[in-house]
Number of protein chains: 4
Amino acid sequence: MPDGLLEQFDRLIEAKGYDNRSEALRDLVRQALVDQTWVPAGGTADRDTVAVLVIVYDHEERELGRKLTHAQHGHVGSVLSSLHIHLDERHCLEVIVLRGPRDAVRQAAEGLVATRGVKFGRIVRATTGEGL
Amino acid sequence: MPDGLLEQFDRLIEAKGYDNRSEALRDLVRQALVDQTWVPAGGTADRDTVAVLVIVYDHEERELGRKLTHAQHGHVGSVLSSLHIHLDERHCLEVIVLRGPRDAVRQAAEGLVATRGVKFGRIVRATTGEGL
Amino acid sequence: MPDGLLEQFDRLIEAKGYDNRSEALRDLVRQALVDQTWVPAGGTADRDTVAVLVIVYDHEERELGRKLTHAQHGHVGSVLSSLHIHLDERHCLEVIVLRGPRDAVRQAAEGLVATRGVKFGRIVRATTGEGL
Amino acid sequence: MPDGLLEQFDRLIEAKGYDNRSEALRDLVRQALVDQTWVPAGGTADRDTVAVLVIVYDHEERELGRKLTHAQHGHVGSVLSSLHIHLDERHCLEVIVLRGPRDAVRQAAEGLVATRGVKFGRIVRATTGEGL
């Protein structure tokens, strides 16, 4: 590995609080393996998959809270649980944990993020932990 | 009262040996009066208090989800976080954690339970752990 | 219903924020029905049941956090999800949602509350909402 | 690096067309360097910031659960709440919501991800919703 790259990497992992390079490299490899399960070539459509969805929205927005709850209940096989944080009098942070066949999870998560009025949405492609 | 509810109640009071509905209702009311004591003597109105609220409701019920979210954001100083479990396509279990001055917490929790359409509500008066 | 009882009840439901007596009575009836499903005579041991467990403990207590996590994973069929609130530098509030056959849920919940070192524990016997 | 992990990684890099492990690792390191930017230019160090951390770990791993709980309580000003999902008998998914001054939130989140034994960690930099 080029020295310049290694130096930057060492600074990065120190800043992030890793004890050593090996631990940090292991994490990068695991991350690459998790990411891979989500692409068509890297796993099957019905593979048991976990995702976490983070959205921020204004609950005063016309019908938005209702639509989001309704959609989550429509995917009741995949949506395990939601954590709701009341950011201020209008804004909600909602964390939604999904588990199920990969493509069902992906579809449910993408549909929720795309809901009109959601101000912020990120899908974390996580893992059941198996094999890592 | 919905017929289904009344039927189940009649079976319950028969099993318990009540002569009639009125007597059974009187007992429920008496029990509620006994349970009501939030031990006002047990601390000051502004004592730092933790409570956990458990409610079950039908999110398809007209405007109910919206009303509950709205109310929680209105008590944003006391409501810390909610955990939402999707029980089935209609029913929600929501666990709401409140912390703040005792009387503000009590008022927020009781108002949420009393919201029309909430099918089940229980308030657990918890503790900050201090002094135990 | 005796006038004295009714008066007290009216004061109670007004304080709790109910709109009227009917709504408050319905809630009492539903509560009685939910409670009933938990007693041996009122439901079967394998009835689909929901419970919420609230515990407060000191995570610095020797091995306690580990024991509680271990026990929850041992009941992985019944324990759906936990919400953890960091009350202060030592104290944790944990809300654990359980769902499964009634007696498995009861046993898991009672075992967790009885764990040595748990300072506070309450089991809320909740409901799937069905039939209420 | 555990053999199982290495085998999976070798299959992955072969599928992706890399000539050898070194080249693939270099790319992961480069990607990590690109991803690292928490956009310091995007706000001041004490700007009110919300982040969501998703980690997966084996709670049977020596002392790991305890270390993570301890660390979260050490950042009690920033860590609002955690949602714990019991994936199977060994694996935990934990979602941790943080809010506070930007640099305190970043430090807490990165330290948790870097904890030895955490198999998967992703930090979502969210928003308070203000101004969006």
Side-chain angles (χ1 to χ4, degrees), chain B residues 1-2 4-6 8-9 11-13 15-16 22 24-33 36 50-52 54-58 80-83 85 87-88 90-93 95-97 99 107 110-130 132, chain C residues 1-2 5-6 8-9 11-13 15-20 22-36 41-42 50-58 80-83 85 87-88 90-93 95-97 99 119-132:
Chain B
M1 199 167 298
L5 208 56
L6 216 50
Q8 291 180 73
F9 188 53
R11 279 200 300 273
L12 170 62
I13 65 186
K16 289 203 167 185
S22 301
L25 278 176
R26 266 197 298 277
D27 267 12
L28 288 183
V29 167
R30 285 191 195 106
Q31 188 58 51
L33 291 170
Q36 76 159 312
V50 175
V52 177
V54 179
I55 54 178
V56 174
Y57 63 95
D58 178 348
L80 293 182
S81 171
S82 320
L83 174 64
I85 304 283
L87 292 171
D88 61 32
R90 299 183 70 96
H91 288 99
C92 311
L93 172 86
V95 178
I96 301 160
V97 181
R99 181 173 190 170
Q107 199 199 340
E110 289 182 346
L112 287 163
V113 169
T115 306
R116 190 189 177 81
V118 170
K119 289 185 168 185
F120 173 89
R122 269 293 166 82
I123 300 167
V124 176
R125 287 165 262 159
T127 168
T128 61
E130 211 182 333
L132 286 189
Chain C
M1 202 168 293
L5 201 59
L6 215 50
Q8 288 180 72
F9 188 54
R11 277 201 301 274
L12 173 62
I13 66 185
K16 289 203 169 187
Y18 282 101
D19 281 342
N20 55 55
S22 302
E23 180 66 18
L25 279 176
R26 266 196 298 273
D27 270 10
L28 290 182
V29 167
R30 285 189 189 114
Q31 184 60 58
L33 291 170
V34 170
D35 286 345
Q36 179 66 4
V50 175
V52 177
L53 179 58
V54 180
I55 56 178
V56 175
Y57 63 95
D58 177 349
L80 294 181
S81 167
S82 321
L83 174 64
I85 304 282
L87 292 171
D88 61 30
R90 300 184 68 97
H91 288 100
C92 311
L93 173 85
V95 178
I96 301 161
V97 182
R99 181 175 190 171
K119 290 185 169 185
F120 173 90
R122 283 284 184 292
I123 299 168
V124 177
R125 298 163 174 204
T127 169
T128 61
E130 211 180 333
L132 287 190

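Chain identifiers are assigned alphabetically (A, B, ...) following the order of the sequence lines, protein sequences preceding nucleic acid strands; residue numbering begins at 1 within each chain.
Here the CD-CE distance, from C:E23 to B:M1, works out to 10.0 Å after rounding to the nearest 0.5 Å.
Residue C:L80 touches chain B through its side chain alone, counting heavy-atom pairs closer than 4.5 Å. Interface remark: C:V29 contributes backbone and side-chain atoms alike to the contact with chain B (heavy atom separation under 4.5 Å). Of the two parts of C:L28, the backbone and the side chain both hold a non-hydrogen atom closer than 4.5 Å to a non-hydrogen atom of chain B. Using a 4.5 Å cut-off between heavy atoms, C:A15 touches chain B through its backbone atoms (N, CA, C, O) alone. Looking at C:N20, the atoms closer than 4.5 Å to chain B (heavy atoms on both sides) all sit in the side chain, from C-beta outward. Within the 4.5 angstrom heavy-atom criterion, only side-chain atoms of B:I85, from C-beta onward, approach chain C. In this structure, the portions of C:L33 lying under 4.5 Å from any heavy atom of chain B include both its backbone and its side chain. When heavy atoms are compared at a cutoff of 4.5 Å, C:Y18 approaches chain B by way of both its backbone and its side chain. Within the 4.5 angstrom heavy-atom criterion, only side-chain atoms of B:R99, from C-beta onward, approach chain C. Of the atoms belonging to B:L87, heavy atoms from both backbone and side chain fall under 4.5 Å from chain C.
Taking the side chain as every heavy atom from C-beta outward, C:T128 and B:D88 never approach each other to under 4.5 Å. A 4.5 Å side-chain heavy-atom check between B:V52 and C:V124 finds every atom pair outside the cut-off.
Closest approach of B:F120 to C:Q31, counting heavy atoms only: CE1-OE1, 3.7 Å. Taking each heavy atom of C:L12 and B:A32 in turn, the nearest pair found is CD2-O, 3.8 Å.
For the set B:V95, B:T115, B:V113, the count of heavy-atom pairs under 4.5 angstrom toward chain C peaks at B:V95. If you tally non-hydrogen atom pairs under 4.5 Å between each of B:I13, B:V56, B:L6 and chain C, the highest count goes to B:V56. Contacts with chain B were tallied for C:G121, C:G17, C:G129; C:G129 has the most, counting heavy-atom pairs under 4.5 Å. Among the candidates C:L83, C:L25, C:D19, the residue making the largest number of heavy-atom pairs closer than 4.5 Å to chain B is C:L83. Here C:R26 is the residue among C:R122, C:R26, C:R11 with the most heavy-atom pairs under 4.5 Å with chain B. Chain B forms the most heavy-atom pairs under 4.5 Å with one residue out of C:Q36, C:R90, C:R30, and that residue is C:R30. Each of C:D58, C:V54, C:I55 has some count of heavy-atom pairs under 4.5 Å with chain B, and the biggest count is that of C:V54.
Remark: C:T127 pairs with no residue by the side chain to side chain donor-acceptor pair (under 3.5 Å) rule, at least two apart or across chains.
Within a 6.0 Å radius of CD in B:Q8, more than 12 heavy atoms belonging to other residues, nucleotides or ligands are found.
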